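Have a look at the structure below before the remarks.
Model, not experiment: these values are computed from the prediction. Because only heavy atoms are used, hydrogens play no part in the values below, and waters and symmetry mates are left out as well, while side chains stay in.
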Amino acid sequence: MNYLKYREHKGKEYFDFPNDYCVIDIETTGLDSEYNEIIEIGALKIRATKISDEFSILVKPQKETISEQIQKLTGIDNEMVKDATNIKDAILKFNDFVGKDILVGQNVNFDINFLYDNYERNTTLYLINDYVDLLKISRKISPEFENHKLETILKKLNIQRDQKHRALSDCIDTYHCFEKYRNIILEQYGDINMYKMIFNL
């Protein structure tokens, strides 16, 4: 696994609730960005805390076929991606969509690291966007949860899951959880900065 790989140009992680940001999620053939491949990228553009645009693209794997396990998990099969966009073009389109926005995601380090390595491998660009991780926000605000998987957060926050385990659907679910946590903090503390100051974030 490449979790400890040094990524020189990677953005910084923040605990914050920006009003403008992009939610991101990817589906892959496995967990290792060196050997496995991206098969779908999803993103939501958020402006003034509201969804303003969406991005979704299937990606054709260059080296692998999609295993039965991944097909069951994502609903993406080999027939669906046989004529899909190549990874270079998908990355360029994704980069145009997110621009310089702060990126928000569930366990977003996984997605960013995977994307970063594919940027580096297939383009002359770097994924330099700063980011916020819903996983870490949930751990901080809701330490009583038995775990902080997206499915658990949705259930505990009484948010109905969007559809199935696909990139854009996960972005929509992550967006609703993120905004729910923003509202929880505002209701309890009146101000995001006050919460950050109290908890030294």
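Among all heavy-atom pairs drawn from Arg166 and Thr74, the shortest one is CD-O, 2.8 Å. When all heavy atoms are compared, the tightest approach of Arg47 to Ser52 is CG-OG, 3.6 Å. Ser33 approaches Arg7 most closely through the heavy-atom pair OG-NH2, 4.0 Å. Ile70 approaches Thr28 most closely through the heavy-atom pair CG2-O, 3.5 Å. Across every non-hydrogen atom of Val59 and Ala90, the tightest pair is CG2-CB, 3.7 Å. Contact detail for Ile153 and Phe145: the closest heavy-atom pair is CA-CE1, 4.3 Å.
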Show your working on side-chain contact (heavy atoms from CB on, under 4.5 Å) between Thr124 and Tyr119 and close with a plain yes or no. CA-CA 7 Å; Thr124 58; Tyr119 266 68; over 6 Å; no

CA sep, side-chain torsions, deciding dist, call: Phe114, Asp111, side-chain contact (heavy atoms from CB on, under 4.5 Å): CA-CA 5 Å; Phe114 225 106; Asp111 304 84; 5.9 Å; no

Test log, rule side-chain contact (heavy atoms from CB on, under 4.5 Å), inputs Leu201 and Lys140: CA-CA 10 Å; Leu201 296 170; Lys140 185 67 180 178; 4.1 Å; yes

Show your reasoning for whether salt bridge (Lys or Arg N to Asp or Glu O under 4.0 Å) applies to Asp173 and Arg161. CA-CA 6 Å; Asp173 290 334; Arg161 188 169 179 86; 3.6 Å; yes

Worked check of salt bridge (Lys or Arg N to Asp or Glu O under 4.0 Å) between Lys156 and Glu146: CA-CA 10 Å; Lys156 295 291 187 179; Glu146 62 267 26; 3.4 Å; yes

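Paired with Phe17 under the rule ring pair (Phe, Tyr, Trp, His ring centres under 6.0 Å), one option of Tyr181, Tyr195, Phe178 passes, and it is Phe178.
At distances below 3.5 Å, not a single donor-acceptor pair connects side-chain atoms of Ser138 with backbone N or O atoms of Leu134. Side-chain atoms of Glu37 never come within 3.5 Å of backbone atoms of Pro61 as a donor-acceptor pair (strictly under, hydrogens ignored). Between the side chain of Tyr116 and the backbone N or O of His9, at least one donor-acceptor pair lies under 3.5 Å. The backbone N or O of Asp101 sits less than 3.5 Å from a side-chain atom of Asn129, completing a donor-acceptor pair. A donor-acceptor pair is defined here as one N or O able to donate and one able to accept, closer than 3.5 Å; no such pair exists between the side chain of Asn158 and the backbone of Leu154. The closest donor-acceptor contact from the side chain of Asn122 to the backbone of Asn118 lies under 3.5 Å.
Proximity of Asp83 to Lys60: side-chain heavy atoms (C-beta onward) are nowhere separated by under 4.5 Å. Residues Ile91 and Leu127 are not in side-chain contact: their nearest non-hydrogen atoms beyond the backbone lie 4.5 Å or more apart. Asp20 places none of its side-chain heavy atoms less than 4.5 Å from the side chain of Ile46.
A distance of 3.5 Å separates OG1 of Thr85 from CD1 of Ile57, quoted to the nearest 0.5 Å. Interatomic distance, Lys196 NZ to Ile185 CD1, rounded to the nearest 0.5 Å: 9.5 Å. Put simply, CG on Asp130 and CD on Glu13 are 10.0 Å apart, with the number rounded to the nearest 0.5 Å. Annotation: the span from Ile38 atom CD1 to Ile41 atom CD1 amounts to 5.0 Å, rounded to 0.5 Å. We find the CG-CG distance between Leu150 and Asp25 to be 8.5 Å, quoted to the nearest 0.5 Å. To the nearest 0.5 Å, the span separating CD1 on Ile76 from CG on Leu58 amounts to 5.5 Å.
Heavy-atom neighbours of Leu125 CG from other residues, nucleotides or ligands within 6.0 Å: above the threshold of 12. Counting heavy atoms of neighbouring residues, nucleotides and ligands inside a 6.0 Å radius, atom NZ of Lys45 exceeds 12 of them. Other residues, nucleotides and ligands contribute only 12 or fewer heavy atoms inside 6.0 Å of the CD atom of Glu54.
Donor-acceptor pairing under 3.5 Å is recorded for the side chains of Asn19 and Arg182. For the residue pair Asn147 / Thr152, a side-chain donor-acceptor distance below 3.5 Å is found, with atom types taken as modelled.
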Report all side-chain donor-acceptor pairs from residues 102-110 shorter than 3.5 Å, counting only partners two or more places apart or in another chain.
| from | atom 1 | to | atom 2 | distance (Å) |
| --- | --- | --- | --- | --- |
| Gln106 | OE1 | Leu135 | N | 3.2 |
| Gln106 | NE2 | His148 | O | 2.6 |
| Asn109 | OD1 | Lys10 | NZ | 2.5 |
| Asn109 | OD1 | Tyr131 | OH | 3.4 |

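In this structure, Lys136 is not positioned above the aromatic face of Phe15 in the sense of NZ or CZ being under 6.0 Å from the six-membered ring centre and within 45° of the axis.
Identified under the salt bridge (charged side-chain N to carboxylate O under 4.0 Å, His left out) test for residues 63-77, with sequence neighbours left out: none.
Ring pair Phe199/Tyr189 is perpendicular by interplanar angle, where above 60° counts as perpendicular and below 30° as parallel.
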